[in-house]
Each structure stands twice: as C-alpha cells, then as structure tokens.
Amino acid sequence: MRKTTKFALSICSVTLGLILTDSFTSPADGNTSAAPAARTGSPADGLNCTSCHTGTAATTAAGLITSTIPASGYIPGQTYTVTASITQAGKTKFGFEISPQTTTGVKKGTIVVTNTTATQLLTGGKYITHKTAGTSFPSGTATWSFNWTAPVAGSGDFTFYGAFNITNANGTSSGDIIKLSTLAVTENLSTGVEDLVLGDEINVFPNPVADKMHITSSSLQDAEMTITVININGQVVKKTDKVIMNSFIDLAELATGYYVLKIETEKGVAIKKIIKQ
C-alpha cells in the first residue's frame with residue numbers, strides 16, 4: 001500500500017507577522033494578514049521578530065510611537081490618538097505590533113481601531129497590528145494610528161511597547177530590519193481622580209494612612225456605603241460590606257503605595273486617591 005504523508009507548512013511566528021514580497025504570493029508570506037500576538041519585545045512578551053528573522057539583531061529606536069497624551073499624563077476615561085511611524089529609504093513593506101502594558105504584562109486602557117482596513121486587534125484587544133492592506137508604503141514611510149481610552153483612576157503608569165519590521169521583500173526570513181520602540185506614559189494624578197458626583201461631600205483621613213482610615217460626610221451621616229480598594233494595576237485588593245458613613249476602614253494589611261478608594265452610596269459614588277505608608 002502506498003503511504004502518503006501530509007506535511008503541514010509551519011510558518012514561524014514573528015513580531016510583525018511579516019515575511020513579505022511585493023506580490024504576497026510566496027508561501028513564506030503566510031503571516032502578512034496579521035502579526036502573531038505577544039511579540040512586542042516587552043519585558044512580559046519577551047520575544048520579538050528576531051526569533052524568526054535571522055541575520056539581523058533587533059535595535060532600539062526612540063520616537064517611533066507618539067501620542068496626544070499630554071506630558072502631564074493621561075486623564076482616566078479620556079481618549080487619545082496613538083501613532084506608530086517608521087521610515088526607511090528604499091523600502092516599501094512594513095509591519096508593526098503595539099501593546100500598552102505594565103512590566104508584568106498587565107494591559108492598560110482600551111485600544112480602539114480607527115482604520116479597519118489597515119489595522120486590527122489581537123488577544124482580546126491587548127495588541128494592535130497591521131492587516132495585509134496596511135503593509136505597503138511606496139514612499140518609504142509607514143504610519144499607523146489608533147485610539148486609546150485611558151483606564152480608571154489609580155491605574156498608574158505603564159508603557160506602550162512596539163515592534164516594527166522593515167522588510168526587504170525577498171520572500172524569506174533573512175535580511176529584514178527589526179526595530180523596537182517604547183512610549184512611557186504616566187497617570188495625571190491632579191485631575192480625574194475625584195468623582196464629580198460626591199467628590200466634595202465625602203472626606204477621608206489621614207492621608208497618607210498607616211492603618212485605619214476614617215471616612216466622613218456631613219451631608220451623608222447615616223448613609224450606607226460600600227468601599228472598594230483598588231491598586232495601581234486596577235486590581236481590587238479589598239472590599240467591605242455595607243457600613244455606615246463616618247466609619248473606619250482598616251488598611252494595615254496593604255503594602256506601601258498608591259491606591260484608590262471607591263466609595264459607593266445610594267446618593268452616588270466618590271473616588272479618592274490615597275497613599276498607604
């Protein structure tokens with residue numbers, strides 16, 4: 001009996017999913033429609049294009065990722081535009097992948113695709129990358145843009161990690177130029193922290209706090225409240241059952257650092273930034 005063995009073509013996943021030719025007909029071009037996830041070169045992702053693209057080492061380039069986020073930092077809930085751009089004379093095929101992460105890989109904020117023809121999301125929106133239609137740039141300058149909505153107050157600082165592939169379009173994984181770039185972002189702690197509904201009616205002290213924090217209100221003295229404590233990674237680290245206003249909450253077990261108190265009552269919600277000593 002004649003035995004036929006079927007071989008599955010294994011295409012090496014790369015940061016940008018690009019091993020490109022001008023016609024996109026080579027079997028090596030199978031990833032041109034999207035980059036595989038988690039190849040930004042971030043501390044958590046680890047891998048970048050050079051795991052498959054041989055002959056060149058990834059280099060770091062400043063300024064390839066820019067945004068409309070002000071130098072003072074993002075305001076929680078606001079939406080900003082992020083732009084990725086790279087130039088290489090004589091090259092026409094490019095790709096990218098970007099992710100807003102902490103050093104431990106926690107996604108920050110929400111990526112919003114604004115050009116569905118050229119870009120797309122991966123892994124539940126943790127990464128944004130090119131589509132096939134977003135890889136050709138005859139001018140030698142590739143540019144992609146998307147929106148990013150900032151997370152809740154107290155989410156803290158993070159970095160946009162990005163990887164870029166400048167291809168030589170030879171149909172193989174050799175000879176491409178790999179660039180890595182980052183954009184560090186801070187949270188604006190002077191605005192967007194106090195909830196506008198009850199921010200002025202509820203007070204917390206002492207702040208900084210070592211153990212017990214007193215929560216008071218002259219206008220909501222008998223109100224019931226639920227208190228949620230959120231760390232800078234957006235994780236809930238403590239939550240109380242309903243208690244009466246002008247009570248204490250024990251924070252002694254928390255590690256030193258910045259936190260957000262979310263205080264919910266029938267009258268509304270207040271959000272307070274606190275420091276744990």
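As a basis for the values below, the full set of heavy atoms in this structure was taken, side chains included, without hydrogen atoms, waters or symmetry mates. If you read the sequence from its start, that first residue is 1, and numbering goes on from there.
A donor-acceptor pair under 3.5 Å is absent between the side-chain atoms of Lys239 and the main chain of Asp241, judged by distance alone. A donor-acceptor pair under 3.5 Å is formed between the side chain of Asp176 and the backbone N or O of Asn168. For Asn207 (side chain) and Ile275 (main-chain N/O), a donor-acceptor pair under 3.5 Å exists by modelled atom type. With Tyr80 contributing its side chain and Ile75 its backbone, the two residues share a donor-acceptor pair below 3.5 Å. A donor-acceptor contact shorter than 3.5 Å is absent between the side chain of Lys126 and the backbone of Ser99. At least one donor-acceptor pair under 3.5 Å links the side chain of Thr68 to the backbone N or O of Thr81. Judged purely by atom type and a 3.5 angstrom limit, Thr117 has no side-chain atom pairing as donor or acceptor with the backbone of Ala133. In this structure, the side chain of Thr226 does not engage the main chain of Glu264 through any donor-acceptor pair within 3.5 Å. Between the Glu97 side chain and the Arg39 main chain, a donor and an acceptor come within less than 3.5 Å of each other. A donor-acceptor pair is defined here as one N or O able to donate and one able to accept, closer than 3.5 Å; such a pair exists between the side chain of Thr129 and the backbone of Phe96.
Put simply, the side chain of Pro100 reaches to within 4.5 Å of the side chain of Ile111, judged on heavy atoms. Taking the side chain as every heavy atom from C-beta outward, Val113 and Gln120 never approach each other to under 4.5 Å. With contacts defined as side-chain heavy-atom distances shorter than 4.5 Å, the pair Val185/Lys108 does not qualify. For the pair Val237 and Tyr259, the minimum side-chain heavy-atom distance is below 4.5 Å. Ile65 has its side chain out of reach of Thr182: every pair of non-hydrogen atoms, C-beta onward, lies at least 4.5 Å apart. No side-chain heavy atom of Pro208 sits less than 4.5 Å from a side-chain heavy atom of Lys276.
Using cut-offs of 30° and 60° on the angle between ring planes, the pair Phe137 and Phe94 is perpendicular. Relative ring orientation between Trp148 and Phe160 is described as perpendicular, the plane-to-plane angle rising above 60° on a 0-90° scale split at 30° and 60°. Between Phe164 and Trp144, the ring planes lie tilted relative to each other; the angle falls in the 30° to 60° range.
Both Ile263 and Val209 sit in one connected hydrophobic cluster of ILVMFWY residues. Membership requires side-chain heavy atoms under 4.5 Å apart, directly or through other members. Leu64 is connected to Phe158 through a chain of hydrophobic side-chain contacts under 4.5 Å among Ile, Leu, Val, Met, Phe, Trp and Tyr, so both are in one cluster. Hydrophobic clustering (side-chain heavy atoms under 4.5 Å, transitive across Ile, Leu, Val, Met, Phe, Trp, Tyr) keeps Ile244 apart from Ile249. No chain of hydrophobic side-chain contacts below 4.5 Å, direct or via other Ile, Leu, Val, Met, Phe, Trp or Tyr residues, connects Val112 to Ile128. Tracing side-chain contacts under 4.5 Å through hydrophobic residues (I, L, V, M, F, W, Y), one reaches Val204 starting from Val243; they form part of the same cluster.
For the atom pair NZ (Lys272) and CD1 (Ile227), the distance works out to 12.5 Å, reported to the nearest 0.5 Å. Rounded to the nearest 0.5 Å, atoms CZ (Phe248) and CG (Asp211) are 10.0 Å apart. With rounding to the nearest 0.5 Å, the separation of CD1 in Ile166 from OG1 in Thr87 is 8.5 Å. The line from CD of Gln88 to CD1 of Ile177 is 4.0 Å long, rounded to the nearest 0.5 Å. Note that CD1 of Ile271 and NZ of Lys262 are 6.5 Å apart. Values are rounded to the nearest 0.5 Å. In this structure, CG in Leu220 is found 10.0 Å from CD in Glu266, a value given to the nearest 0.5 Å.
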> So Gln101 and Thr40, side-chain contact (heavy atoms from CB on, under 4.5 Å) or not? Walk me through it.
Replying inline: CA-CA 10 Å; Gln101 302 180 14; Thr40 65; 4.2 Å; yes
> Going through the checks in order, is the side-chain contact (heavy atoms from CB on, under 4.5 Å) test met by Thr59 and Lys179?
Replying inline: CA-CA 5 Å; Thr59 58; Lys179 300 285 186 179; 3.3 Å; yes
> Would Thr141 and Ser139 count as a side-chain hydrogen bond (donor to acceptor under 3.5 Å, both in side chains) if you check the C-alpha gap in whole Å, the side-chain angles of each, and the deciding distance to 0.1 Å?
Replying inline: CA-CA 6 Å; Thr141 296; Ser139 67; 4.6 Å; no
>> Pair Met245, Ile202 - check side-chain contact (heavy atoms from CB on, under 4.5 Å), show working.
In response: CA-CA 9 Å; Met245 188 64 69; Ile202 296 178; 3.9 Å; yes
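The nearest pair of heavy atoms linking Leu122 to Pro36 is CD1-C, 4.0 Å. For the pair Gly156 and Glu187, the tightest heavy-atom approach, listed with the atom from each and the gap, is N-OE1, 2.8 Å. What you find for Gly95 and His130 is that their closest heavy atoms are CA-ND1, 3.7 Å. When all heavy atoms are compared, the tightest approach of Glu224 to Lys242 is OE1-CD, 3.4 Å. Among all heavy-atom pairs drawn from Gly63 and Ser181, the shortest one is N-OG, 3.9 Å. Minimum interatomic distance between Leu261 and Met213 (heavy atoms only, all atoms of both residues): CD1-SD, 3.5 Å.
By the 6.0 Å contact criterion, CD on Glu253 is enclosed, its count of non-hydrogen atoms from other residues, nucleotides or ligands being greater than 12. Counting non-hydrogen atoms of other residues, nucleotides and ligands closer than 6.0 Å to NZ of Lys91 gives a total above 12.
A donor-acceptor contact closer than 3.5 angstrom is absent between the side chains of Asn246 and Thr216. In this structure, a donor-acceptor pair under 3.5 Å is absent between the side chains of Thr79 and Asn147. Using a 3.5 Å distance cut-off with no hydrogens or angles, the side chains of Ser85 and Thr83 do not pair a donor with an acceptor.
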